[in-house]
Protein chains: 2
Amino acid sequence: MKKSAPKPADLSAKIAKNIRDAIISGALIVDERLPSEADLSEQFNVSRPTVREALKRLAAQSLIRTQRGATGGAFVNHISFQDAYPQQITTSTLLLSMNDVSFDVACEARYTLERACAALSAARRTADQLATMRTEIFRQSQPALSDEAFCASDVAFHRALVDGAGNPVLSYQLAGAVEAMQPLMNMITFTARSRAAIIELHSQIADALEAGNASDVERHLTELERYTQKLAADVFARRKTVKDPS
Amino acid sequence: MKKSAPKPADLSAKIAKNIRDAIISGALIVDERLPSEADLSEQFNVSRPTVREALKRLAAQSLIRTQRGATGGAFVNHISFQDAYPQQITTSTLLLSMNDVSFDVACEARYTLERACAALSAARRTADQLATMRTEIFRQSQPALSDEAFCASDVAFHRALVDGAGNPVLSYQLAGAVEAMQPLMNMITFTARSRAAIIELHSQIADALEAGNASDVERHLTELERYTQKLAADVFARRKTVKDPS
DNA sequence: TGAATGCAAATGTCAGACAATTTAAGCTCA
DNA sequence: TGAGCTTAAATTGTCTGACATTTGCATTCA
């Protein structure tokens, strides 16, 4: 049986796959130096530019880093969760914007994942993470804050909540869901009234976390989800009215 | 204030960032054709190989695709969730293997996220997804199955569960967590006895999903998590004994 | 000893050429 | 006219060779 799409891959793609597999399988370990571009071009029987294109592909995925100079070369990268965040967020954001994901679906995913962290976070959040949440709540209460800054602070609040679960794998997976929502959230105009309601819910969430009350955290998160969806629905309804004034 | 590491980026990295930003900001829309490599090298005042390295970087992130021929060129890619899975999984797998994430932490993240899907999946799973789960359960009951194949079937079962939530954003985020666990799971040797226990739990989960009983799904998932961690703990204890026979 | 210098190795960049592929226009012939 | 073939043009893929730049190390000289 043929594969569905056995495209005759470019040489640089083949070489990149070859090296990538070696890294994933563990044949090449972290900080190990790859052969020089000249050596690789000999090994794979291709020219140096082709090898370079392959290496750039891997560099784009943060699988390798390159260094110039006598002892330079390409080295297998140690990928930290910190390093992987931006790429995860970029991809998630593009996925949302390119796939006609409705606000409600994205919102549901985000709050479903956040609620999953509630119990862990209630049990484990550090004093520092709680302080971060309180700080963000205070920032949100400043009337001079722009809508974008309000959204950014909202994201910071929720990331502190997620980080409170003390599980880096969870934090990483959720970073995509939380941050990717920001462009969608930025479409909402936050009135003084709606800001007050959100801040109130944030405070209740922080209080419940401080008290270690997981079910209260989940409950308030659900209320926040409903309120956010209501705000979004209002925005879309108003837009439709303006665009299509029957 | 200086940035922490304002590395003098390579030209190809700069050009890639330039084009990437244009795509993310929406200046370049899906399926739009980029200028030819020759045009780009003129615009950016660099040579063609340099432009090509930049384009390969973008291709590695699935941001563009290239096509040869008269009407060919580089086109902005439509990134589907399907396309993004492999990269998400590769990155997640590497993150786990390179960051000394313990089995328990990864396992906790995975089952926490899966439990989050339980309620939605109990309400929305299609008959098709339920059938997939039953099929995988049957496959798992074949004694001739290798440990690797058993793990792969386990992953397929859990992905069907997650997909049952009917939220593509959730499915995408969880794919990383579920699939990235597989190399860790492969370290476990599944005895006939442990296989039976897992299959029993899988059946209970499928039954609860069929009945639309969310809390039962969550409960059985928690049992499965505990059992998995116990199996892993046994493996590690045995290894330690062999390695370090005091 | 220690600092300056030069060398060697490696990546970064450039220029030009040819190969391969694909489309579309043009041409031939029934 | 219309179908089929041929050719040309555009574009990416690859190669060759060269030079620039950066960096570590050995060497040399005060």
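When reading the values below, keep in mind they use all heavy atoms of this one structure, side chains included, and skip hydrogens, waters and symmetry mates. Here is how names work: the chains are called A, B, and so on, in the same order as the sequence lines, proteins then strands, and each is numbered from 1.
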Contacts under 3.5 angstrom, residues 68-77 of chain A side chains, donor-acceptor by atom type, not counting sequence neighbours:
| from | atom 1 | to | atom 2 | distance (Å) |
| --- | --- | --- | --- | --- |
| A:Asn77 | OD1 | A:Arg65 | NH1 | 3.2 |
| A:Asn77 | ND2 | A:Ser62 | O | 3.3 |

Inset, instruction - Nearest whole angstrom, please: distance from the P of D:dT11 to the CG of B:Leu40. - result: 11 Å

Inset, instruction - Give one of base, sugar-phosphate or nothing for A:Arg33, where a contact means two heavy atoms less than 4.0 Å apart. - result: sugar-phosphate

Legend entry - Value in whole Å for how far the C1' atom of D:dG13 lies from CZ of A:Arg57: 11 Å

Legend entry - Side-chain ion pair, B:Glu114 and B:Arg110, N-O less than 4.0 Å: yes

Inset, instruction - Grab the CD-C1' distance between A:Glu42 and D:dT16 for me, whole Å please. - result: 15 Å

Inset, instruction - Using distance alone, with no hydrogens and no angle criterion, decide if A:Thr228 and A:Glu225 have a side-chain donor and acceptor under 3.5 Å apart. - result: no

Legend entry - Protein proximity profile, nucleotides 13-22 of chain C - base contact B, sugar-phosphate-only contact S, no contact -, cut-off 4.0 Å on heavy atoms: BB--B--BBB

Inset, instruction - Taking only Lys NZ, Arg NE, NH1 and NH2, and the carboxylate oxygens of Asp or Glu, determine whether A:Arg48 and B:Glu53 approach each other closer than 4.0 Å. - result: no

Inset, instruction - Establish, with yes or no, whether the OP1 or OP2 oxygen of D:dT11 is under 4.0 angstrom from a side-chain nitrogen or oxygen of B:Thr66. - result: no

Inset, instruction - Could you tell me whether B:Lys17 and B:Asp21 make a salt bridge, using a distance below 4.0 angstrom between a side-chain N and a carboxylate O? - result: yes

Inset, instruction - Only pairs at least two apart or in different chains count here, so list each salt bridge (Lys or Arg N to Asp or Glu O under 4.0 Å) that has a residue in residues 82-94 of chain B. - result: none

Inset, instruction - Report the distance from atom CG of B:Leu55 to atom C1' of D:dG13, rounded to the nearest whole Å. - result: 12 Å

